[in-house]
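Encoded as structure tokens, the structure appears first; notes follow it.
Protein chains get the first letters and strands the later ones, always in sequence-line order, with residue 1 at the start of each. Both backbone and side-chain heavy atoms feed into the values below; hydrogens, waters and symmetry mates do not. This one's a predicted model, so the numbers in the text were calculated from it and none came from an experiment.
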Amino acid sequence: MQDTNELHRQILEVIALIPYGTVASYGQIAKLAGLPKHARLVGYVLKHLDKESQIPWYRVINSQGKISVTRMDEKGNNVQQDLLEAEGVYLLNGKVSLKKFGWQP
DNA sequence: GCCATGGCTAGTA
DNA sequence: GCCATGGCTAGTA
């Protein structure tokens with residue numbers, strides 16, 4: 001049980017390092033956390049993140065540059081997309097250019 | 001235990 | 001294909 005939380009903590013730690021205005025993929029986070037092949041776990045952890053968390057969850061997208069989260073605000077805008085655009089990260093044809101905005105640690 | 005289910009993905013086609 | 005979770009049966013005791 002404690003091992004699991006430790007993994008989650010490592011993952012969140014790495015996500016917290018993603019710089020403003022950049023994005024990283026689930027797989028990339030997993031790898032940097034020392035957990036290659038655990039991309040899905042990253043998704044799981046983020047899904048269960050509590051609302052109060054200060055972790056920049058929205059800077060994590062899939063490896064194709066697409067947003068996986070579908071949550072909308074009252075205006076019908078995708079919440080994650082809004083948060084990214086507020087940092088200057090925009091979508092083109094529904095995708096973020098990883099070349100431009102991808103985090104290179 | 002077994003099996004389905006995910007905020008996924010490298011590597012084909 | 002990967003892998004942690006969670007719900008749900010067998011099958012013991």
The Watson-Crick or G-U wobble partner of B:dA4, with both key distances under 3.5 Å, is C:dT5
Would you mind reading off the distance between A:K37 atom NZ and B:dG6 atom P, rounded to a whole angstrom?
-> 24 Å
Tell me what A:T70 touches on the nucleic acid: a base, only sugar-phosphate, or nothing, going by heavy atoms under 4.0 Å.
-> nothing
B:dG7 P sits how many Å from A:Q64 CD, rounded?
-> 16 Å
Mind calculating the distance between CD1 (A:I15) and P (B:dC8) to the nearest angstrom?
-> 13 Å
Without swapping roles, check the side chain of A:N62 against the backbone of A:Y26 for a donor-acceptor pair under 3.5 Å.
-> no
Relative to the 5' end of DNA chain C, which residue comes earlier, A:R40 or A:Y44, by the nucleotide with the nearest heavy atom?
-> A:R40
Are any of A:S25's side-chain N or O atoms less than 4.0 Å away from OP1 or OP2 of B:dC8?
-> no
Polar side-chain atom of A:R59 near backbone of A:I18 as donor-acceptor pair, under 3.5 Å | yes
Should A:S63 be listed as having a side-chain N or O under 4.0 Å from OP1 or OP2 of B:dC8?
-> no
Base, sugar-phosphate, or nothing for A:H48, non-hydrogen atoms under 4.0 angstrom?
-> nothing
A:W103 and A:L98: side chain to side chain contact (heavy atoms under 4.5 Å, CB included), yes or no, with the steps?
-> CA-CA 8 Å; A:W103 177 30; A:L98 294 177; over 6 Å; no
Check: A:Y58/A:Q81 side-chain N/O donor and acceptor closer than 3.5 Å | no
Give none if C:dA10 has no partner; otherwise give the nucleotide forming a Watson-Crick or G-U wobble pair with it, both distances under 3.5 Å.
-> none
Between C:dA4 (C1') and A:L46 (CG): distance, integer Å | 15 Å
Please work out if A:K47 contacts a base, only the sugar-phosphate, or nothing of the nucleic acid, heavy-atom cut-off 4.0 Å.
-> base
From the candidates C:dA4, B:dG7, C:dC2, the one with an atom nearest any side-chain atom of A:H38 is C:dA4
Using whole Å, report how far CG of A:L41 lies from C1' of B:dT5.
-> 14 Å
Heavy atoms of A:P105 and A:Q28 approach each other most closely as CD-NE2, 3.8 Å
To the nearest Å, give me how far apart CG (A:L98) and P (B:dT9) are.
-> 10 Å
Write down the distance between CG (A:L32) and P (B:dT9), rounded to a whole number of angstrom.
-> 13 Å
Roughly how many Å is it from NZ in A:K31 to P in B:dT9, rounded to a whole number?
-> 11 Å
Rounding to the closest angstrom, what is the interatomic distance between B:dG7 and C:dG1 at atom P?
-> 22 Å
